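Report on the following structure.
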Amino acid sequence: YGEVRAGIEGGTFGGQYLYRFPYLELSQQLSQSPVYRIDGALKAGRVTFPYYSYLDANYGSVSLSAARSMSQALAGLIKATLEVSDARERPYSYYGITLEPGMSLLVEQPAALLLRIGVALGHRQYAADDPLFGVTRRDRRIALEASLRNKEWRWMDFTPALAATLERNE
């Protein structure tokens, strides 16, 4: 079933915002059976950098994800995302792809907790030579991600989650 979600991401350093990214995401369940589920999503927003306006960009992505039950408590996950960012200055515009395999584990005692762990492997190709370094960036990304949420906690149709990411960009 489809849903529209509004969100905001941001980064800080020294107590000041580095960027803000309000977005809308449209997601749709494409297929489901007792052992698998396939979902699609579109995400769009405008990223703004208060101190670096040349990085301001329109962002869009499309994702396809699948989950397959391996047992009552364990599922395998895979997600692929294509993204594009059209920045105010061309050298900071890019397109990219990310592949995210992972697992989800449901722990029922002492509470209904859902633990997700995964790896994200990504590549971004920038549109033009960086004016400072004279080369076109090609970034590789690897991230280890984990999240934990209580499946029974709800507030106004929200489910709070604790998430952590360890990321390396080259």
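No experiment lies behind these values; they were computed from the predicted model shown.
- Few gaps surround NZ on Lys43; more than 12 heavy atoms of other groups in view lie less than 6.0 Å from it.
- For the pair Lys79/Ser63, a side-chain contact is recorded, criterion being any heavy-atom separation below 4.5 Å from C-beta on.
- The backbone N or O of Phe49 sits less than 3.5 Å from a side-chain atom of Asp56, completing a donor-acceptor pair.
- For the pair Gln125/Thr136, a side-chain contact is recorded, criterion being any heavy-atom separation below 4.5 Å from C-beta on.
- Linking Ile, Leu, Val, Met, Phe, Trp and Tyr whenever their side-chain heavy atoms come within less than 4.5 Å puts Leu132 and Val135 in one cluster.
- Placement of Leu74 and Val107 within a single hydrophobic cluster is found when ILVMFWY residues are connected by side-chain heavy-atom separations under 4.5 Å, directly or transitively.
- Shortest non-hydrogen contact noted between Ala57 and Ala87 is CB-CA, 3.6 Å.
- In terms of heavy-atom proximity, Arg141 sits nearest to Thr98 at NH1-CG2, 3.9 Å.
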Quiz item: Between Ser104 and Leu114, is a side-chain contact (heavy atoms from CB on, under 4.5 Å) present by the stated rule, with each step listed?
Solution: CA-CA 7 Å; Ser104 181; Leu114 182 65; 3.1 Å; yes
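- Residues Pro22 and Arg46 come closest through the heavy atom pair CD-O, 3.4 Å.
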Exercise. Give the C-alpha distance, both sets of side-chain angles, the deciding distance and a yes or no for salt bridge (Lys or Arg N to Asp or Glu O under 4.0 Å) between Arg124 and Glu83.
Key: CA-CA 9 Å; Arg124 284 184 177 164; Glu83 62 179 345; 2.8 Å; yes
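- Within 6.0 Å of the OH atom in Tyr54, the count of heavy atoms belonging to other residues, nucleotides or ligands exceeds 12.
- The shortest heavy-atom contact between Ala127 and Arg90 is CB-O, 3.4 Å.
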Exercise. Apply salt bridge (Lys or Arg N to Asp or Glu O under 4.0 Å) to the pair Arg37 and Asp39, showing each step before the final yes or no.
Key: CA-CA 7 Å; Arg37 178 181 169 146; Asp39 296 316; 2.9 Å; yes
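- Using the six-membered ring where Trp is involved, Phe21 and Tyr23 have ring planes that are tilted, between 30° and 60° apart.
- Leu55 and Leu18 fall within the same hydrophobic cluster, where Ile, Leu, Val, Met, Phe, Trp and Tyr residues are linked whenever their side-chain heavy atoms come under 4.5 Å apart, directly or through other members.
- Contact record, Ser61 with Thr81: CB-CG2, 4.0 Å, taken as the closest heavy-atom pair.
- Evaluation of the side-chain hydrogen bond (donor to acceptor under 3.5 Å, both in side chains) test over residues 10-22, restricted to residues two or more places apart or in two chains, returns Gln16-Tyr51.
- Tyr92 and Ser85 form no side-chain donor-acceptor contact under 3.5 Å, judged by distance and modelled atom types alone.
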Self-check item: From CA spacing to verdict: side-chain contact (heavy atoms from CB on, under 4.5 Å), Leu106, Glu108
Solution: CA-CA 6 Å; Leu106 177 62; Glu108 295 189 42; 4.1 Å; yes
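- Nearest heavy-atom pair across Leu42 and Val62 is CD2-CG2, 3.6 Å.
- Residues Ile117 and Val119 are members of separate hydrophobic clusters, defined by side-chain heavy-atom contacts under 4.5 angstrom among Ile, Leu, Val, Met, Phe, Trp and Tyr.
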Practice problem: Carefully, step by step, assess Arg88 and Ser53 under the rule side-chain contact (heavy atoms from CB on, under 4.5 Å). | Solution: CA-CA 8 Å; Arg88 180 175 286 178; Ser53 61; 3.4 Å; yes
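- Linking ILVMFWY side-chain heavy atoms closer than 4.5 Å, directly or via other members, places Tyr36 and Leu30 in a single hydrophobic cluster.
- For Glu170, the CD atom sits in a packed shell: over 12 heavy atoms of surrounding residues, nucleotides or ligands are nearer than 6.0 Å.
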